[in-house]
Protein chains: 2
Amino acid sequence: MAERNTRQKRAIQAVLATAEAPLSVRDILLAARRDVPSLSQGTVYRVLKALTAKGRVAIVQLPGEVPLYEVAGKSHHHFFRCRKCDHMYEIEGCSKVLRHLVPDEFQLEDHEIFLFGLCPVCR
Amino acid sequence: MAERNTRQKRAIQAVLATAEAPLSVRDILLAARRDVPSLSQGTVYRVLKALTAKGRVAIVQLPGEVPLYEVAGKSHHHFFRCRKCDHMYEIEGCSKVLRHLVPDEFQLEDHEIFLFGLCPVCR
DNA sequence: GTCGTTGCAAAGCGTTTGCAGCCTA
DNA sequence: TAGGCTGCAAACGCTTTGCAACGAC
């Protein structure tokens with residue numbers, strides 16, 4: 001019943017903790033294998049699923065792309081994706097004006113915003 | 001070279017044209033088979049891909065779900081998804097305030113907004 | 001020693017694609 | 001009749017899962 005603290009879990013969480021941008025399963029697998037070379041894909045999926053269920057990891061799902069993972073608990077934010085270099089920038093804060101988009105009869109609980117364009121470097 | 005006007009394409013476009021909400025590939029396949037029973041999944045994918053490339057169809061990609069398709073050319077809008085009945089409502093208009101979310105050095109070109117909550121019926 | 005966890009490989013699911021025959025123009 | 005289009009089925013990429021061995025406690 002008690003959850004166990006394994007090398008695999010520690011390696012995966014360490015990778016997520018030190019990442020500066022959301023990572024794909026492949027990214028996580030390759031990075032974590034530097035600590036635990038025998039790490040398998042299946043384990044990465046299982047550990048991520050468990051961490052997500054516990055609310056310790058958040059999924060960043062861009063339209064038409066594979067899901068990315070980041071540590072949860074950061075302040076509410078969204079992402080800006082540069083269409084040239086593909087880099088993802090975190091956008092802090094979030095417009096209160098969203099509430100006015102929907103009629104009052106709707107009860108707005110959550111939202112996702114993805115911004116696309118050119119970043120300062122690529123302009 | 002010249003594109004041909006087949007029963008399959010007509011059936012698929014008719015389904016999209018009369019749909020009141022974005023449809024999945026499965027939805028489209030089942031509906032279009034009422035006109036063309038022999039219609040195959042592969043053809044649906046190919047026709048949708050072609051229509052999308054020509055800008056006649058738009059993809060609605062909700063995080064973690066299969067893509068949905070709708071006729072393009074509607075006025076700019078986003079979606080509100082009821083987390084209880086799963087119905088999707090179109091939200092007209094879109095906040096200009098988005099531009100203020102990103103620093104001036106970023107060149108904002110496009111965006112996606114998904115709203116989640118309870119619709120008037122389910123509240 | 002127990003039993004949660006892992007690696008492996010097979011299976012699952014949505015989507016793409018090669019190919020031979022079909023049918024629109 | 002030409003060649004774009006279709007149905008079929010195999011292949012593909014990502015994710016899940018069954019199972020026996022492993023290892024944290």
Side-chain angles (χ1 to χ4, degrees), chain A residues 1-16 19 21-70 81 86 88, chain B residues 1-16 19 21-54 56-70 81 86 88 114:
Chain A
M1 193 75 225
E3 177 176 315
R4 290 178 189 175
N5 179 21
T6 64
R7 287 179 303 138
Q8 288 85 343
K9 290 184 186 174
R10 266 180 272 129
I12 291 170
Q13 297 194 59
V15 167
L16 288 169
L23 302 174
S24 68
V25 167
R26 171 143 229 86
D27 293 335
I28 296 169
L29 178 63
L30 294 178
R33 272 186 173 163
R34 288 190 302 231
D35 285 330
V36 185
S38 68
L39 184 63
S40 69
Q41 277 203 84
T43 294
V44 174
Y45 278 106
R46 277 184 284 228
V47 170
L48 286 175
K49 193 173 205 174
L51 290 173
T52 302
K54 288 193 294 181
R56 314 249 283 115
V57 162
I59 301 176
V60 180
Q61 177 79 259
L62 278 82
E65 301 187 22
V66 295
L68 306 177
Y69 299 83
E70 64 174 355
R81 174 88 165 211
D86 276 351
M88 297 221 335
Chain B
M1 195 70 221
E3 176 176 316
R4 292 180 188 174
N5 179 21
T6 63
R7 287 178 306 137
Q8 289 85 343
K9 289 183 188 175
R10 266 179 272 128
I12 291 170
Q13 297 194 61
V15 168
L16 288 169
L23 301 174
S24 67
V25 168
R26 170 143 229 86
D27 294 334
I28 296 169
L29 177 64
L30 294 177
R33 273 187 172 163
R34 289 189 301 232
D35 285 330
V36 185
S38 68
L39 184 63
S40 68
Q41 278 203 81
T43 294
V44 175
Y45 279 106
R46 275 184 283 228
V47 171
L48 287 175
K49 193 174 204 172
L51 290 173
T52 303
K54 287 192 295 181
R56 314 247 287 113
V57 161
I59 302 176
V60 180
Q61 176 80 259
L62 278 82
E65 301 187 22
V66 295
L68 306 177
Y69 299 83
E70 62 173 356
R81 174 88 166 212
D86 275 351
M88 294 221 337
F114 298 111

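Below, read A as the first sequence line, B as the second, and so on, with proteins coming before strands; counting in each chain starts at 1.
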Nucleotide dT15(C), atom C1' - distance to CD of Gln61(B) in whole Å: 12 Å
Ile28(A) CD1 to dC14(D) C1', straight-line distance once rounded to whole Å: 14 Å
Side chains of Arg81(B) and Glu65(B) in contact at under 4.5 Å (non-hydrogen atoms): yes
Residues within residues 29-48 of chain B bordering DNA chain D, heavy-atom distance below 4.0 Å: Ser38(B), Leu39(B), Ser40(B), Thr43(B), Arg46(B)
5' precedence on DNA chain C between Tyr69(B) and Gln8(A) (nearest-nucleotide basis): Gln8(A)
Reported [atom1]-to-[atom2] distance for the pair [X] and [Y], which is rounded to 0.5 angstrom:
| X | Y | atom1 | atom2 | value |
| --- | --- | --- | --- | --- |
| Arg33(A) | Ile12(A) | CZ | CD1 | 10.5 Å |
| Asn5(B) | Gln13(B) | CG | CD | 8.0 Å |
| Leu68(B) | Met88(B) | CG | CE | 5.5 Å |
| Thr52(A) | Ile59(A) | OG1 | CD1 | 4.5 Å |

Any pair counted as salt bridge (charged side-chain N to carboxylate O under 4.0 Å, His left out), so long as it reaches residues 4-13 of chain B, sequence neighbours left out: Glu3(B)-Lys9(B)
Base-contact (B) and sugar-phosphate-only (S) positions in nucleotides 20-25 of chain C, heavy-atom cut-off under 4.0 Å, - elsewhere: ---BBS
Phosphate-side-chain proximity, Lys49(A) and dT5(C), N/O vs OP1/OP2 below 4.0 Å: no
Minimal non-hydrogen separation, Tyr69(B) against Ile28(B), with atom names: CB-CD1, 4.1 Å
Closest non-hydrogen atom pair, Ala11(B) against Asp35(B): CB-CB, 4.0 Å
